[in-house]
Amino acid sequence: MKRALFVQPFLGLVLVCSGCASVGSGDSAAAPKAQATADDGADTSKLEHQVEIKRDRLAVAQMEAEVFEASHQRRMEFASEELSLAKTQLGIFKDFDLPNRIERSELALRASKDRAQEAADELKQIEIMYDEQDLADETAEFVVARGRRRAERAQAQIAIEEREHEKLVKRELPAEQAKLVLSVEKAREALESTKRDGELAAQNKAIAIKESKRALEDAETELADAKSGADQ
């Protein structure tokens with residue numbers, strides 16, 4: 001009888017202690033599982049945010065490429081038009097301005113020579129007339145002197161216009177033509193440079209789009225893997 005009483009309390013103690021151990025073990029297992037679920041949710045949310053950001057960056061890269069293409073097309077049109085205008089100006093100069101200005105200068109020089117010749121002829125006539133007529137010496141001297149001065153001025157004007165004509169033909173017109181030729185070359189170089197810069201920039205834009213697409217695909221794959229792991 002005493003033995004039964006002794007075993008019963010001991011068994012009761014064992015049973016109580018076993019229950020305590022069982023409860024404590026269940027709490028310990030549930031806590032890490034809940035923490036892991038919370039961590040998975042946080043990671044998924046972070047990955048979703050990264051996917052959204054990378055999708056936006058891809059959209060921006062594509063928009064920048066479209067804007068650049070339109071802007072580049074306008075620059076190419078402007079550069080092409082400037083080259084066309086430069087060529088037109090050079091053609092006008094060579095076909096019209098150059099020959100017209102040379103001929104105008106030649107006509108002006110010829111007219112000056114004609115006036116000088118007329119003044120010289122008039123002076124001779126005056127001298128002959130006064131030699132044949134018996135006029136006062138002072139009057140004859142005055143008229144002849146005036147005719148001589150006129151002839152000298154006309155001859156001096158010829159020298160000036162000859163130098164002007166030479167300067168025009170040998171210096172001014174070649175310089176103007178060279179300047180127009182240079183304008184054509186600059187316009188052509190500007191067009192080619194615009195084209196090269198546009199091609200290089202377009203390639204960089206295309207690379208940026210490819211990189212953005214790859215980054216978005218990687219982020220979407222990572223997000224899908226994270227969601228798959230969380231469901232298991």
Side-chain angles (χ1 to χ4, degrees), residues 56-125 146-215:
D56 291 341
R57 286 178 177 172
L58 174 59
V60 169
Q62 292 172 333
M63 186 180 299
E64 287 179 348
E66 293 175 358
V67 171
F68 170 78
E69 178 61 26
S71 178
H72 174 65
Q73 185 63 32
R74 288 195 298 272
R75 286 195 297 269
M76 286 292 294
E77 292 174 357
F78 293 155
S80 179
E81 185 64 23
E82 288 178 354
L83 176 58
S84 178
L85 289 174
K87 289 181 177 179
T88 299
Q89 291 175 349
L90 177 60
I92 290 174
F93 178 83
K94 293 172 66 176
D95 295 339
F96 299 98
D97 292 345
L98 180 64
N100 287 347
R101 289 169 66 180
I102 291 176
E103 186 174 354
R104 190 179 296 114
S105 178
E106 290 174 346
L107 287 173
L109 180 59
R110 191 178 303 124
S112 296
K113 289 181 178 181
D114 291 342
R115 287 192 296 271
Q117 186 62 47
E118 290 171 0
D121 293 342
E122 183 178 348
L123 176 60
K124 289 181 180 179
Q125 292 297 326
R146 185 175 63 181
R148 185 177 294 110
R149 288 195 300 271
R150 181 184 174 189
E152 290 173 354
R153 287 196 300 269
Q155 194 64 38
Q157 183 65 28
I158 291 175
I160 293 173
E161 293 190 9
E162 284 179 339
R163 290 193 296 270
E164 289 293 328
H165 179 73
E166 183 179 5
K167 181 181 71 171
L168 176 69
V169 174
K170 293 184 178 181
R171 300 292 182 85
E172 292 180 353
L173 293 177
E176 291 181 24
Q177 182 170 337
K179 186 176 181 180
L180 291 172
V181 171
L182 182 60
S183 297
V184 171
E185 294 303 319
K186 286 183 176 180
R188 181 179 289 109
E189 175 59 28
L191 177 60
E192 293 175 355
S193 177
T194 300
K195 183 179 179 180
R196 289 194 303 269
D197 293 345
E199 291 174 350
L200 179 60
Q203 291 178 358
N204 288 331
K205 298 293 182 184
I207 291 173
I209 291 175
K210 289 180 180 179
E211 290 177 344
S212 295
K213 286 182 177 180
R214 181 59 182 271

Nearest non-hydrogen partners of K213 and L58, listed with the distance | CG-CD1, 3.5 Å

Would you give me the side-chain donor-acceptor pairs under 3.5 Å for residues 202-209, sequence neighbours excluded?
| unit_1 | atom_1 | unit_2 | atom_2 | d |
| --- | --- | --- | --- | --- |
| N204 | ND2 | L200 | O | 3.4 |

Out of curiosity, T194 OG1 to R74 CZ, how far, rounded to the nearest 0.5 Å?
-> 13.5 Å

Salt bridge or not for E164 and K167, using N-O below 4.0 Å?
-> yes

Can you sort out the partners of R115 under salt bridge (Lys or Arg N to Asp or Glu O under 4.0 Å), two or more places apart, ordered by chain and number?
-> none

Mind checking the CG-CD spacing from L109 to E166? Nearest 0.5 Å is all I need.
-> 11.0 Å

Separation of K94 NZ from Q177 CD (nearest 0.5 Å) | 5.5 Å

What's the shortest heavy-atom distance between A151 and L123, and which atoms?
-> CB-CD2, 4.4 Å

Are a donor atom and an acceptor atom from the side chains of D121 and Q117 found within less than 3.5 Å of each other?
-> yes

Is there a side-chain contact between Q155 and I158 (heavy atoms, below 4.5 Å)?
-> yes

Considering only heavy atoms from C-beta outward, does the side chain of K87 approach that of S84 to under 4.5 Å?
-> no

Of all heavy-atom pairs linking Q157 and S112, the shortest is CG-OG, 4.2 Å

So how far is it from H72 NE2 to E77 CD, rounded to the nearest 0.5 Å?
-> 10.5 Å

State, yes or no, whether a side-chain contact exists between P174 and K170 at a heavy-atom distance under 4.5 Å.
-> no

Taking the side chain as every heavy atom from C-beta outward, state whether T88 and I92 have any pair of such atoms under 4.5 Å apart.
-> yes

Separation of E161 CD from L168 CG (nearest 0.5 Å) | 12.0 Å

Compare all side-chain heavy atoms of I160 with those of R163 and state whether any distance is below 4.5 angstrom.
-> yes

Any Lys/Arg nitrogen of R196 or E189 sitting under 4.0 Å from an Asp/Glu carboxylate oxygen of the other?
-> yes

Which atom of L173 lies closest to which atom of F93, heavy atoms considered = O-CZ, 3.5 Å

Are R101 and S105 close enough that a side-chain donor and a side-chain acceptor fall under 3.5 Å?
-> no

Enclosure of R171 CZ (heavy-atom neighbours >12, cutoff 6.0 Å) | no

Interatomic distance, CG@L90 vs NZ@K179, rounded to 0.5 Å, equals 13.5 Å

Minimum-distance pair of heavy atoms, taken over all atoms of A154 and A116 = CB-CA, 3.4 Å

Should the heavy atoms of other residues, nucleotides or ligands under 6.0 Å from CZ of R57 be counted, would the total exceed 12?
-> no

